[in-house]
2 protein chains.
Amino acid sequence: MYYLIDQCSINEVKPLSPRKSAQDELTKATIIDVARELFVTSGYPSFSMRKLATKLGCSHGAIYYHFKNKAELFYEIVTQDFLTLDQVLEDVLSTPTNSNEEKLYSILFEYIRFGLTHQPQYEVMFLIKDDEIKGYLLEAPNKSYLHFANAVAHLATKPLSPKDIWSLFIGIHGFVTHYCRTETTFEDVKILAQSHVEFLLKALK
Amino acid sequence: MYYLIDQCSINEVKPLSPRKSAQDELTKATIIDVARELFVTSGYPSFSMRKLATKLGCSHGAIYYHFKNKAELFYEIVTQDFLTLDQVLEDVLSTPTNSNEEKLYSILFEYIRFGLTHQPQYEVMFLIKDDEIKGYLLEAPNKSYLHFANAVAHLATKPLSPKDIWSLFIGIHGFVTHYCRTETTFEDVKILAQSHVEFLLKALK
DNA sequence: CGCTTTATTGAACAGTGGTCAATAAATATA
DNA sequence: TATATTTATTGACCACTGTTCAATAAAGCG
């Protein structure tokens, strides 16, 4: 059976085409790009492999040729976001005009900005409980934290204990987490973010 | 068609019984109890209405006679936990031997204890993004926070701004959130919880 | 007893992630 | 160029999920 015959209309023929012509072939990169867009605009819960396939113009099975499963696909998406977050911290550190105290403030503030301007990603990076995804992320969240901790340790006016740095992070993380859940924009809590960062920094003095 | 005839064996007859005898009838209370147990022992992601039905010894359809949907069932489960959390705070406040400073410490510490000894519940109460569940919870999380905020305001040695109380809460919430994701027991981070609370309290001075 | 209300069943529906035999385009080989 | 092999795609299928609902029988009532 090589053809699916549309039995309603007359003689319309639809060839089975188990492979697309070269110019239409899927690539990992395009799948990731389209997946990210779908995921970022409509959120993780509404995302599905079938919706992604529709948006890609392919069958859902095709995606599984390029990615072992949904978790691997999401891993590859947020891998880029871990790099972005690293870069955010790097950018703060390499701003020459600011004092270390200002940089410390900025590290915390910009972390919040990243979290709230990348809510779906932050969720997958640091909040999701899905074992399959955690199995792919492995030490990525921890590595990201170490980067943060290093930056903070470097900038503090007096030596900080690992516990203090951890509490600082947890305090910032709590802020992002809460406003992720309520789907509040960064702009809407910018002022609150400032006072929260100031609050946490008071604990260091 | 009144009977399902087992066509393999000879003449075995299985009556349809669209209502159980009185002693076996479901009640909201028993559904909630069994659901809570299933939910608390195996977590929210593994929970399903069909597994619950199996554990109850009924069909999954029956549950929908007593609860509009899964979200309503979970709402009724965690409603009890919101009361428990209120009680935790109340118990701290009504401990006569402690100073206000000690009570403030205990409020924060006991909040963490509650969160980490009720992880699946805490998740549904404060972390879940499911719109259906949030639609049932409505102001419950906020009401719970106000209870917390009141207690803190009452105990502080100097007047605190609403922002400071909020930052305190967010700091505690972040701690619980993180160790919920990593499924760490309270006992395993008890010492860390102490130092985190002390860190946050330093910000008040 | 008969009528109504109530509680239960399980088939059915639309959705999910994931697998895989069948297949044809692309590529390598003779 | 012809043939064989590799590669990428399809869609039926599986086992799940939450939810709905007609059919049904037990319980309660007049």
Side-chain angles (χ1 to χ4, degrees), chain A residues 1-6 13-31 35 38-39 42-75 124 128 130-133 135-136, chain B residues 1-6 13-31 35 38-39 42-75 124 128 130-133 135-136:
Chain A
M1 195 105 54
Y2 298 94
Y3 298 99
L4 295 173
I5 309 297
D6 182 350
V13 164
K14 221 184 198 174
L16 265 190
S17 39
R19 188 167 181 179
K20 289 183 164 167
S21 51
Q23 78 245 25
D24 296 331
E25 271 195 9
L26 286 173
T27 63
K28 282 192 108 175
T30 60
I31 294 175
L38 188 60
F39 157 60
S42 60
Y44 185 78
S46 132
F47 181 98
S48 86
M49 297 299 261
R50 277 168 169 83
K51 284 180 191 164
L52 173 57
T54 303
K55 210 172 177 191
L56 282 165
C58 69
S59 74
H60 61 277
I63 302 168
Y64 288 89
Y65 182 80
H66 300 275
F67 297 91
K68 198 176 156 277
N69 53 32
K70 191 182 173 183
E72 192 189 281
L73 172 57
F74 272 84
Y75 169 69
V124 174
I128 256 179
D130 185 308
D131 284 334
E132 204 115 33
I133 287 186
Y136 278 101
Chain B
M1 197 102 57
Y2 299 94
Y3 298 99
L4 296 172
I5 308 297
D6 182 350
V13 165
K14 219 185 199 174
L16 267 188
S17 39
R19 187 166 182 180
K20 290 184 163 165
S21 51
Q23 78 246 25
D24 296 331
E25 270 194 8
L26 287 173
T27 63
K28 282 191 107 173
T30 60
I31 295 175
L38 188 60
F39 156 61
S42 60
Y44 185 79
S46 133
F47 180 98
S48 85
M49 297 299 261
R50 278 171 169 83
K51 284 180 191 164
L52 173 57
T54 303
K55 208 171 179 194
L56 281 164
C58 70
S59 75
H60 58 278
I63 302 167
Y64 287 87
Y65 181 82
H66 300 275
F67 297 90
K68 196 174 158 280
N69 52 33
K70 191 182 173 183
E72 192 189 282
L73 171 58
F74 272 84
Y75 169 69
V124 175
I128 256 179
D130 184 306
D131 284 333
E132 203 116 33
I133 286 186
Y136 276 102

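Lettering of chains follows the sequences in order, A, B, ..., and the numbering in each one begins at 1.
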Among D:dA25, C:dT9, C:dG18, the nucleotide that comes nearest once only the side chain of B:Pro18 is considered: D:dA25

For [N], take OP1 and OP2 only and decide whether either is under 4.0 Å from a side-chain N or O of [X].
X       : N      : result
B:His60 : D:dT17 : no
A:Ser59 : D:dG11 : no
B:Lys20 : C:dA7  : no

Within 45° cone and under 6.0 Å: A:Lys70 NZ/CZ vs A:Tyr44 ring: yes

State which residues pass salt bridge (charged side-chain N to carboxylate O under 4.0 Å, His left out) with A:Lys55; sequence neighbours excluded, sorted by chain then number. A:Glu37

Provide, to the nearest angstrom, the distance between the [atom1] atom belonging to [X] and the [atom2] atom belonging to [N].
X       : N      : atom1 : atom2 : value
A:His66 : C:dG18 : NE2   : P     : 16 Å
B:Ile63 : D:dT19 : CD1   : C1'   : 12 Å
B:Asn69 : D:dT17 : CG    : P     : 17 Å
A:Met49 : D:dT9  : CE    : C1'   : 15 Å
A:Leu73 : C:dG18 : CG    : C1'   : 14 Å
B:Tyr64 : C:dC13 : OH    : P     : 17 Å
B:Leu56 : C:dG10 : CG    : C1'   : 17 Å
A:Leu26 : C:dA26 : CG    : C1'   : 15 Å

So what does A:Phe47 touch, heavy atoms closer than 4.0 Å: a base, only the sugar-phosphate, or nothing? sugar-phosphate

Under 3.5 Å, is there any donor-acceptor pair linking the side chain of A:Arg50 to the base of C:dG15? no

Please report the closest heavy-atom contact between B:Cys58 and B:Ile63, naming both atoms and the distance. SG-CG1, 4.4 Å

Could you pull out the closest heavy-atom pair between B:Thr30 and B:Leu56, with the gap in Å? O-CD2, 4.1 Å

5′-ward residue of the pair B:Ser21/B:Glu132 relative to DNA chain D: B:Glu132

So B:Leu73 and B:Tyr64, do their side chains get closer than 4.5 Å, heavy atoms only? no

Between B:Cys58 and A:Lys68, whichever has its closest DNA chain C nucleotide further toward 5' is B:Cys58

For A:Glu132, the side-chain contact (heavy atoms from CB on, under 4.5 Å) test, sequence neighbours excluded, returns A:Asn69, A:Ala71, A:Asp130

Does atom CZ of A:Phe39 have more than 12 heavy-atom neighbours, drawn from other residues, nucleotides or ligands, at distances under 6.0 Å? yes

Could you go over nucleotides 1-6 of chain C and give all protein N or O partners under 3.5 Å, atom names and distances?
from  : atom 1 : to      : atom 2 : distance (Å)
C:dT6 : O2     : B:Arg19 : NH1    : 2.7

